[in-house]
Amino acid sequence: FHNNFLGIYICRLENGIYSKVGDPFEIEGVHVTGRSDDDVQIVHSTSSSTLNLIPQIIFERFTNLQHIHLINVDLREFHQPLQNCSQLISIHFENNDIVKIPERTFESCANLTSIAFKRCRIQDIHPMAFFGLSNLQHLEISRNMHEINLSPETFKPLIALKTLQLHSAMIHTIHPQTFQPLQNLTHLMLGWNDFKVIQTGTFTNLPSLRVLDMSSCNFLTEIQPNSFSSLPQLESITMTYGELRELNTNSFSVLPSIIYLNLCRQRLTKIERSFFSEKFPNVFTVDLRLNVCVDKDIINFSQAVLNSKRHPIEECFWRWEGSPDTTTGGNSMKVHLIVILFAWAVMH
């Protein structure tokens, strides 16, 4: 037992072993003078412990426990819903072998505001796994070691959720209704996942969403019609390192609050001419570096940029339209043709 630098009283688990239900598990140690079990607010483990299950005695003994951090302890399963956890605010599981989050696991922990699973092996999340967590504001499932199948009902109980971090979660498919219950969500992080298609309705009716990050979704090839709509507060979209080859207006409704759009290192070959002016009327920065038809990070983006005779996106537009004009893109093609003809003349 010890106080941290903020004066918060902590129980650190060392050399603990709990392999199966019924095994004895004792928490030993001498309290700091003037402190007792009732003062313990944080329980955290060290890698010297092996806890295949969560010992329920932790919650029975420390009735005012607010935070539990079980990191690298070989935690494998939730053998029963957590009990006596009404004061718990945050749970952090990192580098464990958890495979399944069962039904109603956290129902008795109604005051939880944060749950984080990092570097686990989660495969199955029961549709009712997060039942009862109406106060949860932050949920993270990241750097997962196995493919996860999300039910459209998974996040339905999380009506207060503000931040959902699913980067590197090994997600292959997103059902269009997965995020729709999250009316208070402000940040959605989906980077480093393996989905190929953004389906119609996936990002729809999220009135509080401000930031959407889909960095390094390397297999993303398609955005279906009406995938993005009713997102009045969305300020930033990041979709980098994918396989998108075209952008058209059908996929997006008007997004009036977007100021930052990052499509760096896709494989864009063509863009509908009205794409930016119709759907992103207030965008300030558009990053289109390392694409096929354009390689430019445009700051202070405006309609005036698009109306200029030598703007960098013109080649993308005329590739969509099927014929070049006298703009930069057209001139670029003419130069290529002259080079080819010159090389042919030299050879002959």
Enquirer: Are more than 12 heavy atoms, taken from residues, nucleotides or ligands other than Arg61, located less than 6.0 Å from that residue's CZ atom?
Expert: yes

Enquirer: My understanding is that only residues two or more places apart in sequence, or in another chain, count here; which of them pass ring-ring contact (aromatic ring centres under 6.0 Å, His included) with Phe317?
Expert: His311

Enquirer: Under 4.5 Å between side-chain heavy atoms, chaining through other members, with only Ile, Leu, Val, Met, Phe, Trp and Tyr counted: pull out the rest of the cluster around Met128, sorted by chain and number.
Expert: Phe131

Enquirer: Within a reach of under 6.0 Å around CD1 of Ile17, are more than 12 heavy atoms found that belong to other residues, nucleotides or ligands?
Expert: no

Enquirer: Which residue pairs pass the side-chain hydrogen bond (donor to acceptor under 3.5 Å, both in side chains) test with at least one member in residues 153-171, sequence neighbours excluded?
Expert: none

Enquirer: So Phe78 and Phe93, would you call those rings parallel, tilted or perpendicular, with 30° and 60° as cut-offs?
Expert: perpendicular

Enquirer: For Arg121, is the CZ atom crowded, meaning more than 12 foreign heavy atoms sit under 6.0 Å from it?
Expert: no

Enquirer: Testing the basics here: between Asn135 and Ala110, what is the closest heavy-atom pair and its distance to 0.1 Å?
Expert: ND2-O, 2.9 Å

Enquirer: Looking at every non-hydrogen atom in both residues, tell me the closest pair between Ser134 and Ile159 and how far apart they are.
Expert: O-CG1, 3.8 Å

Enquirer: Where does the angle between the aromatic ring planes of Phe276 and Phe301 fall among parallel (under 30°), tilted (30 to 60°) and perpendicular (over 60°)?
Expert: tilted

Enquirer: Is the Phe25 ring parallel, tilted or perpendicular to the Tyr18 ring (thresholds 30°, 60°)?
Expert: perpendicular

Enquirer: Please report the shortest heavy-atom distance between Met214 and Ile198, naming the atom on each side.
Expert: CE-CD1, 3.4 Å

Enquirer: Please name the pair of heavy atoms, one in Cys109 and one in Leu82, separated by the smallest distance, quoted to 0.1 Å.
Expert: SG-CB, 3.9 Å

Enquirer: Do you know which two heavy atoms are closest between Gln199 and Ser227, and how far apart they sit?
Expert: O-OG, 3.3 Å

Enquirer: Which one of His69, His67, His44 satisfies the ring pair (Phe, Tyr, Trp, His ring centres under 6.0 Å) criterion with His92?
Expert: His69

Enquirer: Cut-off 3.5 Å, side chains only: do His187 and Asp213 have a donor facing an acceptor?
Expert: no

Enquirer: Which heavy atom in Val21 sits nearest to a heavy atom in Leu53, and how many Å separate them?
Expert: N-CD1, 3.4 Å

Enquirer: Should Leu133 and Ile115 count as side-chain neighbours, where that means a heavy-atom distance under 4.5 Å?
Expert: yes

